[in-house]
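Position 1 is the first residue of the sequence, and the numbers go up from there.
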Amino acid sequence: QVQLVESGGGLVQAGGSLRLSCAASGTIFSINVMGWYRQAPGKQRELVATITSGGSINYGDSVKGRFTISRDNAKNTVYLQMNSLNPDDTAVYYCHADILSLGGGAVMYDAWGRGTLVTVSS
């Protein structure tokens with residue numbers, strides 16, 4: 001069993017910043033890709049950013065230049081620094097990770113967190 005727990009969401013004014021964190025726990029052997037996705041009301045879930053264990057990064061077009069993803073492999077944690085926030089960034093932000101667990105046999109988990117709400121006021 002593995003688990004992802006997000007933190008750091010909240011209410012911020014336009015132009016402000018927030019930092020999200022997501023920690024993976026459980027019987028973890030390795031984590032390949034970690035990342036963030038978001039879903040605004042009435043819209044489909046979209047990519048925010050991903051980062052591999054080797055540090056390769058991919059950003060969604062709408063956040064390039066404003067958001068920065070990073071990870072601490074020793075802590076199984078991924079971060080999302082969000083700057084210059086605007087109301088269009090309002091959404092539930094979900095953490096995702098591809099986790100290899102060796103507890104009771106090799107199992108690859110496509111793990112998702114429960115989400116953290118980010119609200120940007122104008």
Quiz item: In Å and rounded to the nearest 0.5 Å, what is the CD1 to CG distance from Ile31 to Asp98?
Solution: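 The distance works out to 9.5 Å.
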Quiz item: Rounded to the nearest 0.5 Å, how far does OG1 of Thr50 lie from CD1 of Ile57?
Solution: 8.5 Å
Quiz item: So which residues get pulled into Tyr79's cluster when ILVMFWY side chains under 4.5 Å apart are joined, directly or through others?
Solution: none
Quiz prompt | ILVMFWY cluster membership beyond Phe29 - transitive side-chain contacts under 4.5 angstrom | solution = Leu100, Leu102, Met108
I need the full list of ring pair (Phe, Tyr, Trp, His ring centres under 6.0 Å) pairs touching [range], with sequence neighbours left out, sorted by first then second residue.
range           : result
residues 99-118 : Tyr37-Trp112, His96-Trp112
residues 41-66  : none
residues 4-26   : none

Quiz item: Using a distance-only test with no angle check, is there a side-chain donor-acceptor pair under 3.5 angstrom linking Arg38 and Thr116?
Solution: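 The criterion, which ignores hydrogens and geometry beyond distance, is not satisfied for Thr116 and Arg38.
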For a 4.5 angstrom cut-off between non-hydrogen side-chain atoms, does [X] reach [Y]?
X      : Y     : value
Thr68  : Leu80 : no
Thr119 : Val12 : no
Asn32  : Thr52 : yes

Quiz item: How far apart are the C-alpha atoms of Val118 and Val120, what are their side-chain angles, what is the distance that settles it, and do they pass the side-chain contact (heavy atoms from CB on, under 4.5 Å) test?
Solution: CA-CA 7 Å; Val118 172; Val120 184; 4.2 Å; yes
Practice problem: Please identify each residue that fulfils side-chain hydrogen bond (donor to acceptor under 3.5 Å, both in side chains) with Lys64, with sequence neighbours left out. | Solution: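 For Lys64, the residues satisfying side-chain hydrogen bond (donor to acceptor under 3.5 Å, both in side chains) (neighbours in sequence not counted) are Asp61.
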Practice problem: With sequence neighbours excluded, tell me which residues meet side-chain hydrogen bond (donor to acceptor under 3.5 Å, both in side chains) with Ser121. | Solution: none
Exercise. Using the test side chain to side chain contact (heavy atoms under 4.5 Å, CB included), find all partners of Val92 that sit at least two apart in sequence or belong to another chain.
Key: Tyr94, Leu117
Quiz item: Which residues satisfy the side chain to side chain contact (heavy atoms under 4.5 Å, CB included) test with Asn86, sequence neighbours excluded?
Solution: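 Asn86 satisfies side chain to side chain contact (heavy atoms under 4.5 Å, CB included) with Arg66, Asp88, Asp89 once adjacent residues are dropped.
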Quiz item: Between Gln39 and Tyr93, does a side-chain contact (heavy atoms from CB on, under 4.5 Å) hold up when you go through it step by step?
Solution: CA-CA 7 Å; Gln39 187 166 18; Tyr93 284 70; over 6 Å; no
Output a table of donor-acceptor pairs, distance under 3.5 Å, between side-chain atoms of residues 1-9 and any protein atom two or more places apart or on a different chain; print 'none' if there are none.
{"unit_1": "Glu6", "atom_1": "OE1", "unit_2": "Arg114", "atom_2": "N", "d": "3.2"}
{"unit_1": "Glu6", "atom_1": "OE1", "unit_2": "Gly115", "atom_2": "N", "d": "2.9"}
{"unit_1": "Glu6", "atom_1": "OE2", "unit_2": "Cys95", "atom_2": "N", "d": "2.9"}
{"unit_1": "Glu6", "atom_1": "OE2", "unit_2": "Gly115", "atom_2": "N", "d": "3.1"}

Quiz prompt | For Arg71 against Ser53, the heavy-atom pair lying closest together | solution =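 Looks like NH1-N, 3.2 Å.
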Could you list the donor-acceptor pairs under 3.5 angstrom formed between side-chain atoms of residues 15-28 and any protein atom two or more places apart in sequence or on another chain?
{"unit_1": "Ser17", "atom_1": "OG", "unit_2": "Asn83", "atom_2": "OD1", "d": "2.9"}

